[in-house]
Student: 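Supplied in structure tokens, the structure appears directly below.
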Number of protein chains: 2
Amino acid sequence: MKPDPHHSTAACGRVGDLLAKIGSKWTVIVVRALRDRPMRFSELKRAIQDISQKMLTSTLRDLERDGFVTRTVTPTIPPRVDYCLTDLGKDLLVPLDALGDWAVANQHRVDAARARATEAA
Amino acid sequence: MKPDPHHSTAACGRVGDLLAKIGSKWTVIVVRALRDRPMRFSELKRAIQDISQKMLTSTLRDLERDGFVTRTVTPTIPPRVDYCLTDLGKDLLVPLDALGDWAVANQHRVDAARARATEAA
DNA sequence: CTGCATCCATAACGATACTG
DNA sequence: CAGTATCGTTATGGATGCAG
């Protein structure tokens, strides 16, 4: 039998922390947006569309702080800033994609359950 | 070349929605707490410790609504309510564990990045 | 172009008290 | 035991305006 480290309170706490972070609604979107190429701030802003500039900025700062993206400033005029996934960021993409795939694949099941719950009420 | 559905805005949106849901900090903890056996309300409360009763209740209601857990009432005195993962809930555990494992395995890398960021400031 | 600061609305959360 | 109701606090997200 495995040691099964998932059961420990400590492990659960860490999972909670990380999920709280990536669950901040925009983190995942941004990381996934950067999946195959670096992007400039305004590119991201345009790509994500309904993110406010404030949220994009703070999301990127958090991601940078946690080592998921790099921020490269080119001090031209006008200034240019590129964001790129680090190795850690690319690593994170793996379990993130698994979860993302699951979400896409099972969304209908959740929808069905919610529909049932709603009409039952 | 694949259609690569992950890039679409729609897919990202759904991922965001679902992550926002499971990222609500307690959802994951509760789902993982139920991983191998059904538990009563008070068992969960005791197992999770620093969750407030209100949060546990509303988290469970959300999970039930979305079809991740079942709620079984035994109308004895005192009343007894058991919560159990559905098949959908158990399915969710798979990508969730992947992410959890990643979190545990890479926590130190994130910590290191944060430490670097902090002292750089 | 990039990003910070400010203000504001809302939602999340927690503590407490009370009901079946 | 399980759950609802209420209140107050904090966190989150958006809009706008300003600055390098």
Side-chain angles (χ1 to χ4, degrees), chain A residues 12-13 15-31 33-34 37-66 69-84 117 120-121, chain B residues 12-13 15-31 33-34 37-66 69-84 117 120-121:
Chain A
C12 282
V15 172
D17 276 6
L18 190 117
L19 280 189
K21 190 158 303 176
I22 70 176
S24 61
K25 179 185 180 183
W26 293 118
T27 340
V28 188
I29 314 266
V30 172
V31 170
L34 289 170
R37 62 170 177 286
M39 294 183 86
R40 301 182 51 177
F41 185 89
S42 45
E43 278 184 299
L44 281 169
K45 179 77 175 66
R46 230 170 305 112
I48 299 184
Q49 193 83 14
D50 36 342
I51 193 176
S52 69
Q53 186 220 41
K54 176 186 179 178
M55 278 302 104
L56 182 53
T57 300
S58 80
T59 301
L60 285 168
R61 285 198 121 46
D62 285 348
L63 288 174
E64 187 195 3
R65 205 167 77 106
D66 291 344
V69 306
T70 55
R71 179 169 175 275
T72 310
V73 181
T74 312
T76 52
I77 298 202
R80 171 196 179 104
V81 183
D82 287 274
Y83 294 90
C84 181
Chain B
C12 282
V15 172
D17 277 6
L18 191 118
L19 280 189
K21 187 159 305 177
I22 70 176
S24 60
K25 179 186 179 185
W26 293 118
T27 342
V28 188
I29 314 265
V30 172
V31 169
L34 289 171
R37 63 172 175 286
M39 293 183 85
R40 302 182 51 174
F41 185 90
S42 45
E43 278 185 299
L44 282 169
K45 179 78 176 68
R46 230 170 305 113
I48 300 184
Q49 194 81 15
D50 37 345
I51 193 175
S52 68
Q53 185 220 38
K54 177 185 179 178
M55 278 301 103
L56 182 53
T57 299
S58 80
T59 301
L60 285 168
R61 286 199 120 49
D62 284 349
L63 288 173
E64 188 195 2
R65 204 168 74 110
D66 291 344
V69 306
T70 56
R71 179 170 175 273
T72 309
V73 182
T74 311
T76 52
I77 298 206
R80 171 196 180 104
V81 182
D82 288 275
Y83 293 91
C84 181

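Lettering follows sequence order; numbering is per chain, from 1.
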Student: Roughly how many Å is it from CD in A:E64 to C1' in C:dG3, rounded to a whole number?
Tutor: 13 Å
Student: Suppose we call a contact any N or O donor and acceptor under 3.5 Å apart; does that hold for the side chain of A:Q53 and the base of C:dC4?
Tutor: yes
Student: As a test of reading the structure: which of D:dC1, C:dT2, D:dG3 is closest to the side chain of B:R71, going by heavy atoms?
Tutor: D:dG3
Student: Roughly how far, to the nearest 0.5 Å, is CZ of B:R61 from CG of B:D66?
Tutor: 13.0 Å
Student: State which of C:dC1, D:dG14, C:dG3 makes the closest approach to the side chain of A:P78.
Tutor: C:dC1
Student: Where do A:Y83 and A:E64 land on the side-chain contact (heavy atoms from CB on, under 4.5 Å) test, with the steps shown first?
Tutor: CA-CA 9 Å; A:Y83 294 90; A:E64 187 195 3; 5.6 Å; no
Student: Do A:L56 and A:V30 come within less than 4.5 Å of each other through their side chains, counting heavy atoms only?
Tutor: yes
Student: Is any side-chain nitrogen or oxygen of A:Y83 closer than 4.0 Å to OP1 or OP2 of C:dG3?
Tutor: yes
Student: Nearest-Å distance, CG (A:D82) to P (C:dT2)?
Tutor: 8 Å
Student: Over how many whole Å does the gap from B:M55 atom CE to C:dA15 atom C1' extend?
Tutor: 12 Å
Student: Give the rounded distance in Å between these two atoms: CD1 of B:I51 and C1' of C:dG14.
Tutor: 11 Å
Student: From C:dC4, D:dT4, D:dC1, pick the nucleotide closest to the side chain of A:R61?
Tutor: C:dC4
Student: Between A:S42 and C:dT2, is there a contact of a side-chain N or O with OP1 or OP2 at under 4.0 Å?
Tutor: yes
Student: Tell me whether A:T74 contacts the main-chain N or O of A:T76 through its side chain, where contact means a donor paired with an acceptor under 3.5 Å.
Tutor: no
Student: Quick check against the 3.5 Å criterion: does B:K45 have a side-chain atom that pairs as donor or acceptor with the backbone of B:I51?
Tutor: yes
Student: 5'-most contact on DNA chain C: A:V81 or A:K54, nearest heavy atom basis?
Tutor: A:V81
Student: Over how many whole Å does the gap from B:M39 atom CE to D:dA2 atom P extend?
Tutor: 11 Å
Student: Atom CG of B:L56 and atom C1' of C:dT16: how far apart are they, to the nearest Å?
Tutor: 17 Å
Student: For A:D50 and D:dA15, give me the distance from atom CG to atom P, rounded to whole Å.
Tutor: 10 Å
Student: Could you give the CZ-to-P distance, from B:F41 to C:dG20, as a whole number of Å?
Tutor: 18 Å
Student: Any side-chain N or O of B:R40 under 4.0 Å from OP1/OP2 of D:dA2?
Tutor: yes
